[in-house]
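What follows is a single structure, written as structure tokens, with notes after it.
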Amino acid sequence: MTLVQTQPRPANADSAHRPAVEVMDAAGPQVCDDMSVEVALAVMAAARTVRLVVCDQDGQCTGLVTRTELAAVRDSSDYTDRVRLRDILGDHGSFASPVTTMAEAEHAMRTRRLGVLPVVDEQGSALGIVALSR
């Protein structure tokens, strides 16, 4: 993995212009996209988290799922135990790079109606997540 180096910024720097890598939260649990919905919900419960970063078998981030989304899929009439996370990712293929500004990330999240956005490195590995400011 490539380490991302950042330049120190003044304490009063406008947060909208700060790069995502400076304000991101930890990515949290990462799971493979071939995991079933039921197992993913169990992982979330055990980890006491409301979202999971989803990666393919090469470790590249493919998206992010939330407990609410997974519960809705599980409770739908189309649900079977064969549904995998890769089957439900939908428009969760949006990512920020470490140098994306928070203004750019917030614009992307609002446009796509996402509450959080994974931050990925050049190889597609999840570094963390950024969330919409309230």
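Being a predicted model, the structure only gives us computed values, none of them experimental.
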>> Any donor-acceptor pair under 3.5 Å linking the side-chain atoms of R51 with those of T66?
In response: no
Heavy-atom donor-acceptor pair, [X] side chain to [Y] backbone, under 3.5 Å:
| X | Y | answer |
| --- | --- | --- |
| E106 | A16 | no |
| E22 | P19 | no |
| T111 | H107 | yes |
| T100 | A105 | no |
| D56 | D58 | yes |
| D75 | A72 | no |

From [X] [atom1] over to [Y] [atom2], what is the distance, rounded to the nearest 0.5 angstrom?
| X | Y | atom1 | atom2 | value |
| --- | --- | --- | --- | --- |
| M44 | R67 | CE | CZ | 7.0 Å |
| L85 | D34 | CG | CG | 8.5 Å |
| L52 | L41 | CG | CG | 8.5 Å |

Could you tell me if the side chain of [Y] sits less than 4.5 Å from the side chain of [X], heavy atoms only?
| X | Y | value |
| --- | --- | --- |
| C32 | Q57 | yes |
| E38 | V83 | no |
| L64 | V116 | yes |
| I88 | L70 | yes |
| T101 | R18 | no |

Looking only at non-hydrogen atoms, find the nearest pair between [X] and [Y] and report the distance.
| X | Y | value |
| --- | --- | --- |
| C61 | P118 | SG-CB, 4.0 Å |
| M24 | L127 | CE-O, 3.6 Å |
| T62 | F95 | C-CZ, 3.6 Å |
| A47 | P29 | CB-CG, 3.8 Å |
| L114 | S94 | CD1-CB, 4.0 Å |
| V53 | A126 | CG1-CB, 3.8 Å |

